[in-house]
Amino acid sequence: MSACRRMFYLVKHRSLLTYVRRNLTTWSPVGAAFNARPHRKLDLLQKNVGLFGVPELSCPAGFQVATETALKNTERLVEKACSSSPGVQTVQCFDQLSDELCKVADLADFIKVAHPDPAFREAAEKTCIEIGTVVEKLNTNVELCKSLKNLLDNPDIEAQLDPDTRRVADLFMFDFEISGIHLDDTLRKEAVALHVKLLDLNNEFLVGSHMPNRIARAAIPEHLHLNFATEGSFIQIGGLHADSPNDLVREIAYRIYLYPNAELMGCLEELLKCRYKLATLVGYESFGHRALKGTMAKTPGYYTSLGFFSQSGHFHYSALSIFCAFENYSREELMPWDHPYLSGVLRAERYNIEPSLYSPYLSLGSCMEGLNNLFSQLYGVSLMSEQPRAGEVWSEDVRKLAVVHETEGLLGYIYCDFFHRQDKPHQDCHFTIRGGRQCQETGQYQLPVVVLMLSLPHPTKGAPTLLTPGMMENLFHEMGHAMHSMLGRTRYQHVTGTRCATDFAEVPSILMEYFATDYRVISQFARHYETGKPLPESMVARLCESKKVCGAADTQLQIFYAVLDQIYHSEPQNRSTTEILKDMQQKFYGLPYAPNTAWQLRFSHLIGYGAKYYSYLMSRAVASMVWKQCFIEDPLNREMGERYRREMLAHGGAKEPMLMVEGMLQRRPTIGDFVDALVSELNPNFETFIMDSEG
């Protein structure tokens, strides 16, 4: 038998073996696809289709080709927008222009962090910089802005715009305004210079916030050296070691990792000054006012009035009481490095929720099968595994899913980059690669494409990938983002899927966490990978109760972070960021500030979520209201699923976020509703629990 024929024989029969193995189990096709190692069909003659099926991206040099093509199309569309008569076609042209740039920039933004080949990463990084520069120029292009302004300033034409088109036009105009398009030449140049400076400061702070600190080995007791990485005569500390059972290890890690870095401190102070200066230059009271325009909160003042801060007493004493339940800790001794560890101990000891007890029931394949079943029952949508073509994916363990509706057909694609590999970021996140939109030029709908990135262990010879409850919940969370992208059917890609207000974008993902902990959902898929036995309902109940126990402390901490973020982005305080942190920690957290620490220098969310960190709290409050009013009685109710899609998922950012919430709840939530929703998440038997623990 020739070498080629032997190779064909092995590939053919390996596929047959895989097929037989699938039939011996009870996994659905999508479950089987994720519970086994991928088997790529070997075809030496198969053409490399390029990353995500983009032909130019079969090699790193293709990024330059794709960039040049996008920029040529951009020039053509800019000319078209500036020469066309004002009307709906103006907004369509702007959206097509945005799409041309985003299709390349968004893809490159993902590849620069995820591709294992440095050459691809470098080429993608170059593309991001090049297109980012072009976007900055477009946002200060006076003639381009005039073409949109002529539309919005004409009452007769404006009256003919449908609500979606009007909103998208306003959003494009907002991009011009925050770039200082309305300023005179001198001030506009100053605004552009501030934008450029902020790009550098943002990057400097983001990189610095993740850099480890180090201290001489001699400064730490020798018996503790094994807990930390060493670098010559230094101990290197790159995290808080929050889960360490050793009190001294946690304290050392906290004090050294958070020790102030003078250069990074200067970077943060300058960053906040530049943000304030730019915001006021273009007409806003503060950076917070600029950042919150178009959100559910609308203004910093509105968010403060929600009562999350003034009502923090709901959480304050409960948070401290949790720790006082430990006989070895008095209230005076508790420090910030105790909170995460003691919370975990309390949960584990009270409820016996050791992750290894749950993992055998939560194979990756079974969880994907559960998601498939859930989406099928709620929306009539199926996840169908597809074999990627040669060159389409960046790693052989990436799975490709087609999202198919029972009557509407193919909705889009989800690429699942789920497994750990060297140099891959250790973070769970959702990337939009291509947004959905109605293409006027072809009459077709451009299907959305997204990537979900996790960092899970690979399957072994004896077992599939087994998830902890936390991993499973994160998978459901990220899939919530993906389905937001898939189920939206917006006319304009500028507002597709998750391209919506930040304080609304987390609602679909947080809502999925409720499904992930409801036994009626879990019972449909969680079964032991060897015996097939279902996960006992009592174990799910223990897990749910354990999450509530420390909810007060966790919420208190989120309130503190949100307040700190808001204060940093308000008017200048004439005091250092550390002094502000110390003051806010005393008022809104309850655990004391540790001298000579600067936690704010590790607050990397200040970059992507500047003035918007509160979004996690607001999104959780909305998700809680939606769950309790619409799904808690029957989490698999098709009617509610369709209403949820129609009222909240379908619009992306094309509709005011509060109007979407109002449509789903069929009432407009009040300030008190938001506060009550968060308070209701806490354990109703909390005080009884504390007394039992103290006894």
Side-chain angles (χ1 to χ4, degrees), residues 70-103 105 131-195 278-284 289-291 293-295 298 435 437-443 446 490-496 499-501 651-656 659:
L71 296 185
K72 285 180 182 177
N73 290 336
T74 296
E75 290 178 5
R76 175 179 56 81
L77 289 165
V78 168
E79 185 177 343
K80 180 180 177 181
C82 292
S83 59
S84 300
S85 300
V88 175
Q89 65 275 10
T90 306
V91 181
Q92 292 170 346
C93 191
F94 267 75
D95 191 65
Q96 190 179 350
L97 170 59
S98 174
D99 185 53
E100 282 291 336
L101 294 171
C102 287
K103 279 193 294 191
I131 290 185
T133 302
V134 171
V135 170
E136 288 297 325
K137 290 180 179 178
L138 290 174
N139 284 339
T140 54
N141 185 316
V142 176
E143 290 303 313
L144 188 62
C145 179
K146 279 183 180 178
S147 68
L148 188 61
K149 190 171 175 56
N150 289 339
L151 167 66
L152 294 175
D153 287 349
N154 188 318
D156 294 334
I157 299 176
E158 184 190 20
Q160 298 173 20
L161 301 180
D162 62 89
D164 287 5
T165 301
R166 174 57 200 263
R167 180 166 172 81
V168 171
D170 286 339
L171 290 172
F172 278 122
M173 183 55 72
F174 175 66
D175 290 337
F176 281 120
E177 290 173 353
I178 63 175
S179 297
I181 195 74
H182 55 293
L183 305 174
D184 61 37
D185 289 345
T186 302
L187 293 179
R188 193 185 312 126
K189 287 179 181 178
E190 184 180 353
V192 171
L194 283 169
H195 269 292
L278 179 59
T280 54
L281 185 64
V282 298
Y284 291 90
H289 285 83
R290 174 191 145 172
K293 183 175 179 180
T295 64
K298 295 190 182 298
R437 76 180 183 99
Q438 187 63 45
C439 300
Q440 301 300 320
E441 57 274 22
T442 64
Q446 177 174 286
T490 54
R491 289 168 57 192
Y492 301 102
Q493 69 83 37
H494 195 62
V495 290
T496 185
R499 290 176 182 162
C500 57
H651 304 287
K655 191 174 181 180
E656 284 281 351
L659 291 178

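Just so it is clear, the model here is predicted, and its values are computed rather than measured.
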Show the nearest heavy-atom pair for residues [X] and [Y], with the distance to one decimal.
{"X": "Val88", "Y": "Arg491", "answer": "CG1-NH2, 4.2 Å"}
{"X": "Ala191", "Y": "Leu183", "answer": "CB-CD1, 4.3 Å"}
{"X": "Gln493", "Y": "Cys102", "answer": "OE1-CB, 4.1 Å"}
{"X": "Cys82", "Y": "Ser147", "answer": "CA-CB, 4.2 Å"}
{"X": "Gly653", "Y": "Cys500", "answer": "CA-CB, 3.6 Å"}
{"X": "Ala291", "Y": "Thr295", "answer": "O-CG2, 4.0 Å"}

- prompt: Does Asp185 pair with Arg188 as a salt bridge, N-O distance under 4.0 Å?
  reply: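 Here Asp185 pairs with Arg188 in a salt bridge, since their nearest N and O are under 4.0 Å apart.
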- prompt: How far apart are the C-alpha atoms of His195 and Leu278, what are their side-chain angles, what is the distance that settles it, and do they pass the side chain to side chain contact (heavy atoms under 4.5 Å, CB included) test?
  reply: CA-CA 8 Å; His195 269 292; Leu278 179 59; 3.8 Å; yes
Identified side chain to side chain contact (heavy atoms under 4.5 Å, CB included) partner of Tyr492 from the options Arg437, Arg499, Gln92: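 Going through the options one by one, the only one that passes is Gln92.
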message: Check whether Ser84 reaches the backbone of Ala81 with its side chain - one donor and one acceptor, N or O, closer than 3.5 Å.
response: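 The answer is no, because no donor-acceptor pair under 3.5 Å joins these two groups.
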- request: State whether the side chain of Glu136 and the backbone N or O of Val192 hold a donor-acceptor pair below 3.5 Å, judged by distance alone.
  value: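 No, the answer is negative, given that no donor and acceptor are paired below the 3.5 Å cut-off.
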- request: Could you walk me through whether Asn139 and Ile181 pass the side chain to side chain contact (heavy atoms under 4.5 Å, CB included) test, one step at a time?
  value: CA-CA 7 Å; Asn139 284 339; Ile181 195 74; over 6 Å; no
Rounded to the nearest 0.5 Å, what separates atom [atom1] in [X] from atom [atom2] in [Y]?
{"X": "Ser98", "Y": "Lys103", "atom1": "OG", "atom2": "NZ", "value": "11.0 Å"}
{"X": "Cys145", "Y": "Glu177", "atom1": "SG", "atom2": "CD", "value": "7.5 Å"}
{"X": "Ile131", "Y": "Thr74", "atom1": "CD1", "atom2": "OG1", "value": "7.5 Å"}
{"X": "Asn73", "Y": "Glu100", "atom1": "CG", "atom2": "CD", "value": "4.0 Å"}
{"X": "Ile157", "Y": "Gln160", "atom1": "CD1", "atom2": "CD", "value": "7.0 Å"}
{"X": "Thr490", "Y": "Arg167", "atom1": "OG1", "atom2": "CZ", "value": "12.0 Å"}

message: Please determine whether side chain to side chain contact (heavy atoms under 4.5 Å, CB included) holds for the pair His182 and Lys149, giving the CA-CA distance in whole Å, both sets of side-chain angles, and the decisive distance to 0.1 Å.
response: CA-CA 11 Å; His182 55 293; Lys149 190 171 175 56; over 6 Å; no
field: Derivation and outcome, side chain to side chain contact (heavy atoms under 4.5 Å, CB included), residues Thr90 and Asn150
entry: CA-CA 10 Å; Thr90 306; Asn150 289 339; over 6 Å; no
- prompt: Does some side-chain heavy atom of Gln446 sit less than 4.5 Å from a side-chain heavy atom of Asp99?
  reply: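 Counting from C-beta outward, Asp99 and Gln446 do come under 4.5 Å.
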Pair Glu75-Lys72, salt bridge (charged side-chain N to carboxylate O under 4.0 Å, His left out): steps then yes or no: CA-CA 5 Å; Glu75 290 178 5; Lys72 285 180 182 177; over 6 Å; no
- prompt: Within a radius of less than 6.0 Å around CD of Glu79, do more than 12 heavy atoms belonging to other residues, nucleotides or ligands occur?
  reply: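 Counting other residues, nucleotides and ligands, CD of Glu79 stays at 12 neighbours or fewer.
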- request: Indicate the ring-plane relationship of Tyr284 and Phe174, choosing parallel, tilted or perpendicular according to the 30° and 60° boundaries.
  value: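 Aromatic pair Tyr284/Phe174 classed perpendicular.
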